[in-house]
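Protein chains get the first letters and strands the later ones, always in sequence-line order, with residue 1 at the start of each.
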Amino acid sequence: VISCARFDELHLQSIDVPLDGVARAEFDGHLATCRACVDRLRKYVATQESLRELGRAEALETPPPMPEALIARILESRRATRGRAQQSG
Amino acid sequence: MVGSDGRMSDRDQTQRAPADPSDVADDRDLVSRLRTGDDAAYESLVRTQGPRMLAVARRYLPQEADAQDTVQEAFVLVFRSIDRFAGDSRLSTWIHRIVVNCALMRIRARSRRPEESLDEPVLDAVAAGVPGSDGGEGAGLAREEILAHVRACLDRLPDPYRAVLRLRDVEGLELREIATLLNLGLSTVKNRVHRGRHALREMLGSAFDEVSR
């Protein structure tokens, strides 16, 4: 039987790397007996999924127009950069 | 230091699809005009790509002034590096990488606090101060509202946690890629991802209980 803190350590270890046999057995054994960790894990996974869904939604968003003042600043900085390059070249 | 010319894999859903040949031809035409110093081509690039670049920068840097400065820096890099654009990805994908790299460099440059200050108490304090973590706000929200809530909570995380969660869970990068981009050890990145997810979960509060059932 492992503690909830040990369970969280194993959970951290398992990010992107599968747990080995003993660790996996400890992890699964704790889940079979601890409803609090089952609940935490379920919400943790749902949080990950919500972030993935946010990524999918953001990719489909139409961004608002850029402020004209920023466009002017960018074009001015390009002119300045180009001017300096021509002077030094 | 992170290269500004696109070592990061781009996972933007809109850019993952195979490139349309006509888009590739448009890119080629625009790039050749940019390389000749065509002013109209530069302005066109700023007007067409700028809004998306600013949206990306805002996701990493919620302060508007930071996001705008980052877009300006990114465009300067695009202008300077256009001769190095190899054409093996869409121009928009290449520019996306540059903006993200510029945003990450800004986050790294101002992260002067020692690693200990990014420990659990910081995240706990952030989570405790966010409406929704007390279970009051958000019950019964629609999907769009939940995503807006997720984004708002993500924006309130400290920069180092927000950056790794965006890179890992929103953009889908591998941990090793993130470690390289942020110049951090793999275990530090893993810790931040893990703690960041837990903190975000606390911040999401009851709005999220509805959808995670």
Side-chain angles (χ1 to χ4, degrees), chain A residues 4-19 27 36-86 88-89, chain B residues 11-16 37 39 42-43 46-47 49-56 58-59 64 68-69 71-76 79-80 143-144 146-151 154 165-166 168-172 174-176 187 190-191 193-198 200-202 204 208-209 211-213:
Chain A
C4 294
R6 171 67 181 153
F7 174 82
D8 193 54
E9 280 175 25
L10 291 175
H11 185 196
L12 169 60
Q13 277 179 35
S14 73
I15 294 177
D16 285 0
V17 182
L19 294 172
F27 186 91
C37 284
V38 169
D39 191 49
R40 259 167 67 90
L41 182 61
R42 181 174 57 79
K43 291 172 178 172
Y44 181 99
V45 171
T47 300
Q48 280 178 266
E49 179 49 39
S50 76
L51 289 169
R52 288 190 203 108
E53 189 173 354
L54 178 64
R56 291 190 288 269
E58 285 180 346
L60 299 174
E61 283 175 357
T62 302
M66 198 157 66
E68 281 298 322
L70 178 57
I71 294 174
R73 252 171 64 192
I74 291 165
L75 294 175
E76 179 53 39
S77 67
R78 185 212 163 218
R79 275 190 286 272
T81 306
R82 198 179 179 197
R84 280 196 297 272
Q86 282 171 348
S88 64
Chain B
R11 308 301 165 102
D12 189 321
Q13 300 284 315
T14 57
Q15 296 163 353
R16 206 186 295 171
D39 288 336
Y42 278 102
E43 181 160 350
V46 172
R47 290 191 180 279
Q49 297 297 327
R52 187 166 291 281
M53 290 173 74
L54 184 56
V56 169
R58 282 174 177 149
R59 291 171 197 155
E64 182 65 16
Q68 292 199 10
D69 287 350
V71 170
Q72 184 174 351
E73 286 166 14
F75 266 117
V76 169
F79 298 157
R80 278 192 199 148
R143 178 182 168 274
E144 291 77 13
I146 289 171
L147 287 179
H149 186 50
V150 170
R151 177 149 50 187
L154 184 58
L165 286 192
R166 276 221 158 263
R168 179 70 190 99
D169 290 334
V170 180
E171 298 227 20
E174 299 298 327
L175 293 175
R176 284 186 191 286
S187 63
K190 259 175 108 159
N191 260 297
V193 166
H194 190 61
R195 289 184 196 171
R197 286 172 181 163
H198 275 305
L200 185 63
R201 161 67 196 105
E202 292 302 313
L204 290 170
F208 208 62
D209 293 343
V211 292
S212 62
R213 283 195 180 110

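- B:L54 touches chain A through its side chain: at least one heavy atom from C-beta onward sits under 4.5 Å away, while N, CA, C and O do not.
- Between A:Y44 and B:H194, the two ring planes are tilted [angle within 30° to 60°].
- A salt bridge links B:D39 with A:R78: the distance from a Lys NZ or Arg NE/NH1/NH2 to an Asp or Glu carboxylate oxygen falls below 4.0 Å.
- Contact annotation for A:Q13: only backbone heavy atoms (N, CA, C, O) come within less than 4.5 Å of a heavy atom of chain B.
- A:L75 touches chain B through its side chain: at least one heavy atom from C-beta onward sits under 4.5 Å away, while N, CA, C and O do not.
- Between B:R195 and A:D8 there is no salt bridge, since no side-chain nitrogen of the basic residue lies less than 4.0 Å from a carboxylate oxygen of the acidic one.
- Considering every non-hydrogen atom in both A:P63 and B:P51, the closest pair reads CB-O, 3.5 Å.
- Contacts of A:E68 with chain B are made by side-chain atoms alone, with heavy-atom separations under 4.5 Å and no backbone atom involved.
- Considering only heavy atoms from C-beta on, B:R59 stays 4.5 Å or farther from A:L54 through its side chain.
- Using a 4.0 Å cut-off between charged nitrogen and carboxylate oxygen, A:E61 and B:R58 do not count as a salt-bridge pair.
- The shortest non-hydrogen separation linking B:L204 to A:S50 is CD1-OG, 4.4 Å.
- Proximity to chain A (any heavy atom under 4.5 Å) is restricted, for B:V76, to the side chain, taken from C-beta onward.
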